[in-house]
S.K.: 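My structure is below; once you've seen it, I'll send some questions.
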Amino acid sequence: MPIYKRCSKCGKRIPSGTTCECIKQIRRQQKKERDKDYDQHRRNKTRAAFYKTKAWRLTKEDVLTHYMYIDLYAYYHDGKFIPATMVHHIVPISTDYAKRLDRGNLIALSDKSHGIVHKAMREGREEEIIRLLLGYKEKWKKKENSEVGGVVKLF
């Protein structure tokens, strides 16, 4: 028999270990307000506009296709095949905006790997991460040159 508790906001009886819908609604509203504030006052407008351009969308799709939607960080760092969901700028566009569409500065990553990479960069390991990612791109390039019958030899 489940154990119940009372919601601190509305007093509704809910199973223990769950969150009441009224609190979830409040949290969604608070997040919406935080996001709106961030977009209006802190987000870099130039960079935000860039990510909506046709040139970026085409480049992003081209890079993901080039790497066969494989997360290169997970592939070389962890030895795992993880689907890539995004394209990361190795040298951040805040550092060098001219490299924003340079395919040599772009790498396919998953959400998880992207978070790991950005965390390491925030911790002051930016140069180390840049070298690591560029090294992974070089390894991939060597694999491309060893393709057999038009298929990249991954093993």
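In this chain, numbering begins with 1 at the start of the sequence shown.
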S.K.: With a 6.0 Å cut-off (strictly less than), is the heavy-atom count around NZ of Lys5, excluding the residue itself, greater than 12?
M.R.: yes

S.K.: Give the minimum heavy-atom separation between Thr19 and Ile14, together with the two atoms involved.
M.R.: C-CD1, 4.2 Å

S.K.: Are any side-chain N or O atoms of Thr59 and backbone N or O atoms of Ala55, one a donor and one an acceptor, separated by less than 3.5 Å?
M.R.: yes

S.K.: Ignoring hydrogens and geometry beyond distance, is a side-chain donor-acceptor pair present between Gln29 and Gln25 at under 3.5 Å?
M.R.: no

S.K.: Any side-chain heavy atom of Leu64 sitting closer than 4.5 Å to one from Met86?
M.R.: no

S.K.: Working to the nearest 0.5 Å, report the span between NE2 of His77 and CG of Leu133.
M.R.: 10.0 Å

S.K.: Using a cut-off of 6.0 Å, state whether more than 12 heavy atoms not belonging to Lys45 lie near its atom NZ.
M.R.: yes

S.K.: Count I, L, V, M, F, W, Y as connected when their side-chain heavy atoms are under 4.5 Å apart, and connections chain through other members. Are Ile23 and Tyr4 then in the same cluster?
M.R.: no

S.K.: Between Tyr69 and Tyr67, is there a shared hydrophobic cluster once you connect ILVMFWY residues whose side-chain heavy atoms come closer than 4.5 Å?
M.R.: yes

S.K.: Quick one, Asp96 and Lys99 - any side-chain contact, counting heavy atoms below 4.5 Å?
M.R.: yes

S.K.: Hey, any chance Ile116 and Phe81 share a hydrophobic cluster, counting ILVMFWY side chains that come within less than 4.5 Å of each other, even indirectly?
M.R.: yes

S.K.: Rounded to the nearest 0.5 Å, what separates atom OG in Ser113 from atom CG in Asp78?
M.R.: 7.0 Å

S.K.: Donor-acceptor check, side chain of Asp71 to backbone of Ile82, threshold 3.5 angstrom: yes or no?
M.R.: no

S.K.: Taking side chain to side chain contact (heavy atoms under 4.5 Å, CB included) as the criterion, tell me which of Lys31, Glu33, Lys32 meets it with Asp35.
M.R.: Lys31

S.K.: Just so I know, are the side chains of Pro2 and Ser16 near enough to count as touching, which here means a heavy-atom distance under 4.5 Å?
M.R.: no

S.K.: Can you tell me how far the CD atom of Glu123 sits from the NE2 atom of His118, to the nearest 0.5 Å?
M.R.: 13.0 Å

S.K.: Side-chain contact test, heavy atoms from C-beta onward, threshold under 4.5 Å: evaluate it for Arg100 versus His89 and give yes or no.
M.R.: yes

S.K.: Got a donor-acceptor contact below 3.5 angstrom from the Arg57 side chain to the Lys52 backbone?
M.R.: yes

S.K.: Distance-only, no hydrogens or angles: does the Thr53 side chain make a donor-acceptor pair with backbone N or O of Phe50 under 3.5 Å?
M.R.: yes

S.K.: Answer whether the closest heavy-atom distance between the side chains of Arg47 and Ser94 falls below 4.5 Å.
M.R.: yes

S.K.: Any carboxylate oxygen within less than 4.0 angstrom of a Lys/Arg side-chain nitrogen, looking at Lys24 and Glu21?
M.R.: yes

S.K.: Looking at every non-hydrogen atom in both residues, tell me the closest pair between Trp140 and His66 and how far apart they are.
M.R.: NE1-O, 3.9 Å

S.K.: Could you see if Leu58 belongs to whatever hydrophobic cluster contains Leu106? Use Ile, Leu, Val, Met, Phe, Trp, Tyr and a side-chain cutoff under 4.5 Å.
M.R.: no

S.K.: Output the distance between atom NE2 (His114) and atom NE2 (His88), rounded to the nearest 0.5 Å.
M.R.: 5.5 Å

S.K.: Taking the side chain as everything from C-beta on, heavy atoms only, tell me whether Ile90 gets closer than 4.5 Å to Leu134.
M.R.: yes

S.K.: Does Arg13 use its side chain to pair, donor to acceptor, with the backbone of Arg6 at less than 3.5 Å?
M.R.: no

S.K.: Hey, does the side chain of Thr65 reach the backbone of Glu61 with a donor-acceptor pair shorter than 3.5 angstrom?
M.R.: yes

S.K.: Applying side-chain hydrogen bond (donor to acceptor under 3.5 Å, both in side chains) to Tyr73 and Lys80, what does each step give before you reach the verdict?
M.R.: CA-CA 9 Å; Tyr73 181 86; Lys80 296 179 181 176; over 6 Å; no

S.K.: Closest heavy-atom contact between Lys139 and Tyr76?
M.R.: C-OH, 3.4 Å

S.K.: Would you call Pro83 and Ser110 a side-chain contact if the rule is heavy atoms closer than 4.5 Å?
M.R.: no

S.K.: What are the two closest non-hydrogen atoms of Arg103 and Lys137, and how far apart are they?
M.R.: O-NZ, 3.0 Å

S.K.: Looking at OH of Tyr51 and OG1 of Thr46, how far apart are the two atoms once the value is rounded to the nearest 0.5 Å?
M.R.: 12.0 Å

S.K.: State whether a side-chain donor-acceptor pair under 3.5 Å links Arg27 with Gln30.
M.R.: no

S.K.: Going by an N to O cut-off under 4.0 Å, is there a salt bridge joining Glu138 and Lys141?
M.R.: yes

